[in-house]
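What you see below is based on every heavy atom in this structure, not just the backbone, and it leaves out hydrogens, waters and symmetry mates.
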Amino acid sequence: MSSRARGLLFIVSAPSGTGKTTLVEQLVERIPQLRMSRSYTSRPARKAEIDGVDYNFVTRERFEAMIAAGQFLEWAPVFDNLYGTSAADTEAMLASGDDVVLVIDVQGARKVRARGIENSAVFVMPPSKQVLEARLRLRGTDSEEQIQRRLQVAREEVASFAEYDFMVVNDELAAAVDRLHSIIVAERARLRRMRGVAESIVRTFHD
Ligand code: 5GP
């Protein structure tokens, strides 16, 4: 396969607390030429988070200036903060031939779709509301009020699964990573992407 072919764009969405970041981190470690996009956010960094690693943390003013300058492929307000994907960063990775995963919310996925940008979108579901609630409590980062708010937003988000191409239940981490892995491999093998390789093999039969 030519490493110069343009990369594929993947979207992974999941309600907060579903464990999508861990899932996607393991996925990109396992699959060569697959990279996770680093979003911009106006949210302050949490204790363990590092600027330029987990997110590009910017002020709300800077974020709004970036919106005005058309620098986002998509952006959305999530839980009182703004989150967005840099158009230039994404384009650079795709142009280099790497496949890119955007870990973005349902609104962001809709914006990418509305712009007619080709993508394969995966919705990651928690096994149930009860399991999600237990995971949010275990995480211990949210107040009771925040947990209730996340569950309310999760209820709206899970109802959007039918807008996606694939669905993965994050019941057990390793199994869920395996299923995501299969999706990436299958998308890379689509005939329209393999046509050049197939044609060059066919030509060897005519030499
Ligand atoms: P958190 O603050 O917990 O890191 O993320 C909150 C939510 O923002 C998650 O659902 C996450 O998927 C979403 N998110 C993170 N980055 C982006 C982005 O660039 N665009 C959009 N639309 N959502 C994002």
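- Distance CZ/Arg38 to CG/Asp51: 9.0 Å, rounded to 0.5 Å.
- At a threshold of 4.5 Å between side-chain heavy atoms, the hydrophobic network of Ile, Leu, Val, Met, Phe, Trp and Tyr places Val78 and Met36 in two separate groups.
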Is there a side chain to side chain contact (heavy atoms under 4.5 Å, CB included) between Arg190 and Ser120? Walk through the geometry before answering. CA-CA 12 Å; Arg190 278 193 189 275; Ser120 300; 5.7 Å; no
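- The CD1 atom of Ile11 lies 8.5 Å from the CG atom of Asp165; values are rounded to the nearest 0.5 Å.
- Note that the CG atom of Asp98 and the CE atom of Met93 stand 8.0 Å from one another [nearest 0.5 Å].
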For residues 25-32, run the donor-acceptor check on the side chains, cut-off 3.5 Å, and write out each pair with its distance to 0.1 Å, sequence neighbours left out.
unit_1	atom_1	unit_2	atom_2	d
Arg30	NH1	Asp178	OD1	2.9
Arg30	NH1	His181	ND1	3.0
Arg30	NH2	Asp178	OD1	3.1

Val122 vs Val101, test: side chain to side chain contact (heavy atoms under 4.5 Å, CB included). Steps then yes/no. CA-CA 10 Å; Val122 186; Val101 190; over 6 Å; no
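- Arg62 and Tyr40 form no side-chain donor-acceptor contact under 3.5 Å, judged by distance and modelled atom types alone.
- In this structure a side-chain-to-backbone donor-acceptor pair under 3.5 Å is present from Arg115 to Leu73.
- Atoms CD and CG, on Gln130 and Leu151 in that order, are 9.5 Å from each other to the nearest 0.5 Å.
- Between Arg43 and Phe57, the shortest heavy-atom distance links the atoms O-CD2, 3.1 Å.
- Judged by the 6.0 Å distance and 45° axis criteria, Arg149 is not positioned over the aromatic ring of Phe79.
- Summarising the geometry of Phe72 relative to Ser86, their closest heavy-atom pair is CD2-N, 4.1 Å, with the distance given to 0.1 Å.
- By the criterion of side-chain heavy atoms lying less than 4.5 angstrom apart, applied directly or through intervening Ile, Leu, Val, Met, Phe, Trp or Tyr residues, Ile67 is not grouped with Ile117; the two fall into different hydrophobic clusters.
- Summarising the geometry, atom CZ belonging to Arg46 is positioned 6.0 Å from atom OG1 belonging to Thr141; distances are rounded to the nearest 0.5 Å.
- Between Leu82 and Trp75 there is a side-chain heavy-atom pair separated by less than 4.5 Å.
- Using a 4.5 Å cut-off on side-chain heavy atoms (C-beta onward), Val100 and Phe10 make no contact.
- A salt bridge does not link Arg113 to Glu74: none of the charged side-chain nitrogens sits closer than 4.0 Å to a carboxylate oxygen.
- Summarising the geometry of Lys20 relative to Val12, their closest heavy-atom pair is CB-CG1, 4.4 Å, with the distance given to 0.1 Å.
- Annotation: side chain of Val106 is in contact with side chain of Tyr164 (closest heavy-atom distance under 4.5 Å).
- Between Thr85 and Ile104, the closest side-chain pair of non-hydrogen atoms falls below 4.5 Å.
- Taking all atoms of both residues into account, the shortest heavy-atom contact from Ala48 to Asp54 is O-OD2, 4.1 Å.
- Residues Ser13 and Asp105 have side chains not in contact (no heavy-atom distance under 4.5 Å, counting atoms from C-beta outward).
- A side-chain donor-acceptor contact under 3.5 Å links Gln146 to the backbone of Ser143.
- The heavy-atom pair separating Arg135 from Pro127 by the smallest distance is NH2-CD, 3.8 Å.
- Salt bridge Arg193/Glu118: present, at least one basic N to carboxylate O contact under 4.0 Å.
- For Tyr83 and Phe63, the distance between ring centers is not under 6.0 angstrom.
- The side chain to side chain contact (heavy atoms under 4.5 Å, CB included) test with Pro126 singles out one residue from Asn170, Val131, Thr18, Leu136, and that residue is Thr18.
- For the pair Arg137 and Glu144, the salt-bridge criterion is met [side-chain N within less than 4.0 Å of a carboxylate O].
- One hydrophobic cluster holds both Leu34 and Phe166 under the rule that ILVMFWY side chains link at heavy-atom gaps under 4.5 Å.
- Between Leu180 and Leu23, the closest side-chain pair of non-hydrogen atoms falls below 4.5 Å.
- Atom-to-atom distance recorded for Asn56:CG and Ser39:OG is 8.5 Å, nearest 0.5 angstrom.
- Applying the 6.0 Å contact sphere to CD of Glu199 captures more than 12 heavy atoms from other residues, nucleotides or ligands.
- Summarising the geometry of Ala176 relative to Val169, their closest heavy-atom pair is CB-O, 3.9 Å, with the distance given to 0.1 Å.
- Under the 4.5 Å side-chain heavy-atom criterion for ILVMFWY residues, no single connected hydrophobic cluster contains both Leu132 and Met125.
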If you look only at distance, which donor and acceptor atoms sit under 3.5 Å apart when one is on a side chain in residues 153-162 and the other is two or more places apart or in another chain?
unit_1	atom_1	unit_2	atom_2	d
Glu156	OE2	Gln152	NE2	3.3
Ser160	OG	Arg110	NH2	3.3
Ser160	OG	Glu157	O	3.3

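- Using a 4.5 Å cut-off on side-chain heavy atoms (C-beta onward), Val58 and Thr41 make no contact.
- Ion pair Arg188/Asp99 flagged as a salt bridge, since at least one NZ, NE, NH1 or NH2 atom sits closer than 4.0 Å to an Asp/Glu carboxylate oxygen.
- Ion pairing between a basic and an acidic side chain is recognised when a charged N comes within 4.0 Å of a carboxylate O; Asp171 and Arg179 show such pairing.
- Between Met194 and Val197, the closest side-chain pair of non-hydrogen atoms falls below 4.5 Å.
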